[in-house]
Amino acid sequence: MDTIIVERSFHSLEKIIDVLERGGVVILPSENVYGFAVKALSKEAVDRVYELKGREKNKPLVYFTSKRKAEEYGIIDDNAKKIIDLWPEGVGIIVPKKDNVPSYVTAGKDSIMLVCVDEFLESLADKASFPIAGTSANKSGEKENIKFDSVDKMFNGRVSMIVKGGKCKRGQSGTIINLSVKPPTVLREGPFSTERIRELIPNILVSLL
């Protein structure tokens with residue numbers, strides 16, 4: 001497979017969306033880490049991500065989304081709205097999923113993790129006419145990739161497109177808040193601190209994965 005390389009630019013969005021729409025696997029830079037992205041409605045593309053990553057099928061993917069589209073995929077309560085109002089930011093929320101989210105993306109779970117990491121990924125999700133699923137672009141159990149050279153070496157020739165974006169600014173996976181349980185719980189600490197979350201959701205618990 002010949003992997004297309006494009007620069008991270010808002011001018012590249014149409015090319016990226018075209019590859020995704022045709023069922024291709026794209027590796028995207030974000031301010032957190034590099035990540036796989038596929039059309040969520042293509043089971044074949046989703047399965048390919050699991051294969052490339054060596055990911056267990058009982059571990060769900062996430063949805064890359066935007067402020068505007070979050071309610072299309074998840075049931076958004078007041079706590080979720082408080083986090084979404086801060087997007088794009090390095091924090092993802094787990095919320096009850098809507099029926100239009102395929103169970104093969106969520107590993108059969110009734111919830112979906114929604115992320116909106118930065119302006120580039122938000123614009124991509126907003127512009128696409130379909131939902132985009134993804135996960136970090138690395139081998140399961142190994143360190144996340146935060147540089148283009150790393151993902152290029154690991155996955156060139158195995159994915160349809162790699163978007164070249166230099167080194168990721170934050171350099172770590174995002175914070176995860178599970179809002180589908182009571183009380184809400186921080187599952188992973190990342191660039192968005194628990195202290196900031198507590199200012200918005202005072203009864204938040206911390207139970208790290």
Side-chain angles (χ1 to χ4, degrees), residues 1-4 6 8 10 12-30 32-76 80 83-84 87-88 91-138 140 151 155 158-163 165 173-174 176 178-180:
M1 176 189 298
D2 292 329
T3 297
I4 302 165
V6 298
R8 181 183 186 272
F10 290 97
S12 301
L13 290 176
E14 291 286 0
K15 290 181 182 178
I16 298 168
I17 290 169
D18 180 61
V19 171
L20 291 170
E21 192 162 25
R22 290 186 283 111
V25 177
V26 176
I27 294 179
L28 299 167
S30 76
N32 289 350
V33 298
Y34 275 81
F36 292 115
V38 291
K39 183 178 181 179
L41 303 180
S42 169
K43 186 176 185 301
E44 184 178 352
V46 169
D47 286 344
R48 179 67 176 144
V49 168
Y50 277 96
E51 179 187 346
L52 286 165
K53 190 177 174 74
R55 188 174 181 82
E56 296 173 8
K57 284 295 185 74
N58 64 347
K59 294 183 177 180
L61 303 187
V62 309
Y63 261 28
F64 296 123
T65 188
S66 64
K67 283 185 177 182
R68 184 176 69 88
K69 287 188 172 182
E71 290 195 65
E72 292 183 20
Y73 312 122
I75 297 170
I76 307 301
I83 303 299
I84 289 170
W87 282 355
V91 55
I93 55 173
I94 298 173
V95 296
K97 78 178 187 73
K98 290 194 171 176
D99 291 341
N100 60 353
V101 177
S103 61
Y104 56 76
V105 172
T106 65
K109 294 177 171 60
D110 294 328
S111 57
I112 179 71
M113 182 168 155
L114 304 176
V115 298
C116 180
V117 179
D118 54 38
E119 290 183 2
F120 181 72
L121 290 185
E122 181 169 34
S123 295
L124 178 67
D126 225 26
K127 197 174 184 67
S129 62
F130 49 85
I132 299 172
T135 184
S136 57
N138 60 313
S140 284
V151 290
F155 296 111
R158 304 182 66 203
V159 297
S160 301
M161 174 183 280
I162 301 176
V163 180
S173 291
I176 301 174
N178 190 349
L179 299 175
S180 70

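- The distance from atom OG1 of T3 to atom CZ of R158, rounded to the nearest 0.5 Å, is 10.0 Å.
- Here the side chains of N138 and K53 are in contact, with some heavy-atom distance below 4.5 Å.
- Of all heavy-atom pairs spanning S136 and V33, the tightest one is CB-CG2, 4.1 Å.
- Annotation for W87 and A70: closest pair CZ3-CB, 4.0 Å, computed over non-hydrogen atoms.
- Considering every non-hydrogen atom in both F36 and V159, the closest pair reads CE2-CG1, 4.2 Å.
- Side-chain atoms of Y73 do not come within 3.5 Å of backbone N or O of M113 as any donor-acceptor pair.
- Within the model, atoms CD1 of I84 and CG of L179 stand 8.5 Å from one another, a figure rounded to the nearest 0.5 Å.
- To the nearest 0.5 Å, atom CD1 of residue I83 and atom SG of residue C116 are 12.5 Å apart.
- Checked against side-chain contact (heavy atoms from CB on, under 4.5 Å), E14 has the following partners two or more places apart in sequence or in another chain: K127.
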V163 vs V6, test: side chain to side chain contact (heavy atoms under 4.5 Å, CB included). Steps then yes/no.
CA-CA 5 Å; V163 180; V6 298; 3.8 Å; yes

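- E71 is linked by a salt bridge (charged side-chain N to carboxylate O under 4.0 Å, His left out) to nothing, counting only residues two or more places apart in sequence or in another chain.
- Minimum heavy-atom separation, A37 to I132: CB-CG2, 3.8 Å.
- E21 meets the side-chain contact (heavy atoms from CB on, under 4.5 Å) test with K39, S129, F130; sequence neighbours excluded.
- To the nearest 0.5 Å, atoms CD1 (I112) and OG1 (T65) are separated by 9.5 Å.
- Here the closest non-hydrogen pair linking G24 and S160 is CA-OG, 3.4 Å.
- Crowding of N100 atom CG: a count of heavy atoms from other residues, nucleotides or ligands under 6.0 Å exceeding 12.
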For side chain to side chain contact (heavy atoms under 4.5 Å, CB included), just list the numbers for L124 and I17, CA-CA rounded to whole Å, side-chain angles, deciding distance to a tenth of an Å, and then say yes or no.
CA-CA 7 Å; L124 178 67; I17 290 169; 3.6 Å; yes

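- Considering only heavy atoms from C-beta on, T106 stays 4.5 Å or farther from S111 through its side chain.
- When all heavy atoms of A137 and I27 are compared, the pair lying nearest together is CB-CG2, 3.9 Å.
- Between atom CG of residue D110 and atom CD1 of residue I94 there is a gap of 13.0 Å, rounded to the nearest 0.5 Å.
- For the residue pair S103/K97, the side-chain donor-acceptor check at 3.5 Å is not satisfied.
- Side-chain N or O atoms of S123 include one that pairs as donor or acceptor with a backbone N or O of E119 at under 3.5 Å.
- Exactly one residue among M161, E51, R48 makes a side chain to side chain contact (heavy atoms under 4.5 Å, CB included) with V25. That residue is R48.
- To the nearest 0.5 Å, atoms CG (L28) and OH (Y34) are separated by 9.5 Å.
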Between side-chain atoms of residues 55-63 and protein atoms elsewhere (two or more places apart, or another chain), which donor-acceptor pairs fall under 3.5 Å?
{"unit_1": "R55", "atom_1": "NE", "unit_2": "K59", "atom_2": "O", "d": "3.3"}
{"unit_1": "R55", "atom_1": "NH2", "unit_2": "P60", "atom_2": "O", "d": "2.8"}

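- By the side-chain contact (heavy atoms from CB on, under 4.5 Å) test, S30 is found to be paired with N32, V117, D118, L121, residues two or more places apart in sequence or in another chain being considered.
- No more than 12 heavy atoms of other residues, nucleotides or ligands shown are found within 6.0 angstrom of NZ on K15.
- Atom NZ of K98 has more than 12 heavy atoms from other residues, nucleotides or ligands within 6.0 Å.
- Listed by chain and residue number, R68, K69, E122, D126 satisfy the side-chain contact (heavy atoms from CB on, under 4.5 Å) test with S66 (two or more places apart in sequence, or in another chain).
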